[in-house]
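This report refers to the structure that appears directly beneath it.
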Amino acid sequence: MADIALAYAASHAPMMSSARMAAPAEQRENFFGALDFIRTEAVRRGVEACVVFSNEHFTNFFLENFPQNCIGVGEKNWGPTEEWLPIDKVWIPGHPGLANHIARHTLDSGFDPAFSHQLELDHGIMTVYYELDHDMQLPLVPIVQNCAVPPLMPVRRAYEFGRAVGDAIRSYTGLKKVAIVGAGGLSHWIGNPRVGDIEETFDRWFLERLARGELEDILDMPDSEIELAGNGNHEMRSWLAVAGAVAPVKATPLAYEPVYPWITGMAVAHWETLEEGTAGAAGEADGDRTEETRV
Amino acid sequence: MSLYQLHRCVYDWVRAGEVNSADGGAGREDFDASVYELTDEERRAFDDKDVAAFYQLGLHQVLLNRFARAAGFARDDYRKLLEPFATTDGRKGRWQT
């Protein structure tokens with residue numbers, strides 16, 4: 001059976017790649033420092049594949065057909081699609097065995113995810129995936145979520161779907177170490193007069209609830225309230241799917257920076273899923289950053 | 001005529017210029033908007049790359065953002081175009097109490 005050897009969520013503003021240096025140095029170093037820590041941990045823990053939740057931005061699906069969840073079950077997926085995003089456009093290996101197991105398990109658990117044998121991946125997954133593996137060779141199972149086009153699945157449903165995905169990973173026998181990742185959020189507005197605003201109070205409140213494991217405060221939020229922290233705040237579903245997958249583990253926020261040049265509350269949080277002393281596949285940590293909260 | 005046609009037109013235009021797995025498509029230069037059943041107002045907005053008009057017409061905001069980015073509008077530029085349409089929302093979220 002596979003372990004969820006690494007669980008984390010990170011914001012995915014495309015400017016983290018396309019306008020990296022526009023962010024103040026301290027914010028940049030804090031945010032990417034957290035992602036560097038995650039990347040080091042992925043290697044140290046021997047992660048063999050990753051499952052990444054992120055939202056659809058009208059890249060694969062349009063108004064004719066818009067699934068709430070779509071699992072990428074193919075042997076490969078393509079990305080990133082944005083011509084202006086400075087990440088190499090490549091075929092990224094999938095993991096059909098794990099992906100089909102997740103699809104089967106979630107179907108048997110009362111969910112009805114769509115599936116795709118080839119997805120086009122935009123910045124939503126690619127910015128965070130690239131920070132996990134600069135070589136973009138780590139097998140990736142993308143799970144694309146609807147976080148934009150009403151009617152949206154309730155956030156509690158996203159959390160419960162994540163729990164089913166977590167159970168699926170843990171019951172998969174084809175791998176030993178799998179990472180589960182949420183990519184998106186936190187507060188931001190796009191395509192409307194508030195683009196550029198960040199609701200810092202919400203972001204800190206959200207991270208505190210994840211750290212305390214007080215998810216009920218979040219899981220009953222209606223969409224109309226979620227949008228008070230931006231139409232992009234619907235992407236919290238990716239974070240909550242990870243929280244569900246590893247429940248009852250609580251999150252440790254690693255970084256929070258309201259990066260105004262990137263128009264987004266940028267955060268990274270880690271859920272420690274391995275018992276103390278078992279995290280290292282290759283002994284003690286060799287990085288100089290230990291898990292710490294810098295929010 | 002429907003707002004769907006405008007959405008489909010803008011979506012196809014954005015995707016035509018992206019780097020897709022299938023040979024990259026035809027690009028945006030030769031994009032033919034005449035095949036879409038647009039109203040005069042919608043067609044004018046598309047031809048003029050009028051972000052403010054798209055917003056007023058009700059183009060989905062995620063798609064509007066993608067259009068603005070692909071059309072070369074910086075975030076500060078398109079915010080200025082949309083600011084006249086800002087409304088005040090007096091509601092508060094639970095994190096604000």
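All chains are named by letter (A, B, ...) in the order of the sequence lines, taking the proteins before the strands, and each is independently numbered beginning at 1. Hydrogens, waters and symmetry mates play no part in the numbers below; they use all other heavy atoms, side chains included.
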Report the distance from atom [atom1] of [X] to atom [atom2] of [Y], rounding to the nearest 0.5 Å.
{"X": "A:E83", "Y": "B:R69", "atom1": "CD", "atom2": "CZ", "answer": "9.0 Å"}
{"X": "A:N192", "Y": "B:E83", "atom1": "CG", "atom2": "CD", "answer": "11.0 Å"}
{"X": "A:E227", "Y": "B:D89", "atom1": "CD", "atom2": "CG", "answer": "9.5 Å"}
{"X": "A:E225", "Y": "B:Q96", "atom1": "CD", "atom2": "CD", "answer": "8.5 Å"}
{"X": "A:R194", "Y": "B:L82", "atom1": "CZ", "atom2": "CG", "answer": "13.5 Å"}

Handout entry: Candidate pair A:W84 and B:V19, rule side-chain contact (heavy atoms from CB on, under 4.5 Å), full reasoning
Key = CA-CA 9 Å; A:W84 44 266; B:V19 184; over 6 Å; no

Where on [X] is there a heavy atom nearer than 4.5 Å to chain A: the side chain, the backbone, both, or neither?
{"X": "B:K92", "value": "backbone"}
{"X": "B:R91", "value": "both"}
{"X": "B:A68", "value": "neither"}

Practice task
Would you please say whether a donor-acceptor pair under 3.5 Å links the side chains of B:R15 and A:T59?
Solution key: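 No.
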
Handout entry: Close side-chain approach of B:R94 and A:M221, heavy atoms under 4.5 Å
Key = yes

Exercise for the section: Taking the side chain as every heavy atom from C-beta outward, state whether A:D197 and B:R79 have any pair of such atoms under 4.5 Å apart. Expected result: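 Side chain of A:D197 against side chain of B:R79, heavy atoms only: contact under 4.5 Å found.
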
Sort [X] into side chain, backbone, both or neither according to what part of it lies under 4.5 angstrom from a heavy atom of chain B.
{"X": "A:E120", "value": "side chain"}
{"X": "A:D220", "value": "both"}
{"X": "A:R209", "value": "neither"}
{"X": "A:E208", "value": "neither"}
{"X": "A:W189", "value": "neither"}

Fill in the blank from the handout: The complete set of salt bridge (Lys or Arg N to Asp or Glu O under 4.0 Å) pairs with one or both residues in residues 133-157 of chain A, sequence neighbours excluded, reads A:R156-A:E216

Exercise for the section: For the residue pair B:Y11 and A:F58, categorise the inter-ring angle as parallel (less than 30°), tilted (30 to 60°) or perpendicular (more than 60°). Expected result: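 Rings of B:Y11 and A:F58: perpendicular, as their planes differ by over 60°.
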
Problem - B:W95 and A:W205 aromatic ring geometry - parallel, tilted or perpendicular at 30°/60° bounds - result: tilted

Practice task
For chain B, find which of A:H57, A:M15, A:E82 contributes the most heavy-atom pairs closer than 4.5 angstrom.
Solution key: A:H57

Handout entry: Top contributor to chain B interface from A:S224, A:P14, A:G232 [non-hydrogen pairs under 4.5 Å]
Key = A:S224

Fill in the blank from the handout: residues 63-73 of chain A vs chain B, non-hydrogen distance cutoff under 4.5 Å, contacting residues -> A:L63, A:E64

Handout entry: Residues of residues 137-149 of chain A contacting chain B, heavy-atom criterion under 4.5 Å, by residue number
Key =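 Heavy-atom contacts from residues 137-149 of chain A to chain B are A:A148, A:V149.
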
Practice task
Determine which residues belonging to residues 50-60 of chain B lie within contact range of chain A, meaning some heavy atom pair is under 4.5 Å apart, and list them by number or answer 'none'.
Solution key: B:Y55, B:H60

Problem - Contact summary for B:Y78 and A:V195, nearest pair of heavy atoms - result: OH-CG2, 3.6 Å

Practice task
Give the member of B:A70, B:G93, B:P84 that has the highest number of heavy-atom pairs under 4.5 Å with chain A.
Solution key: B:G93

Handout entry: A:K250, NZ: over 12 other non-hydrogen atoms inside 6.0 angstrom
Key = no

Problem - Whether over 12 other heavy atoms sit under 6.0 Å from A:F115 CZ - result: no

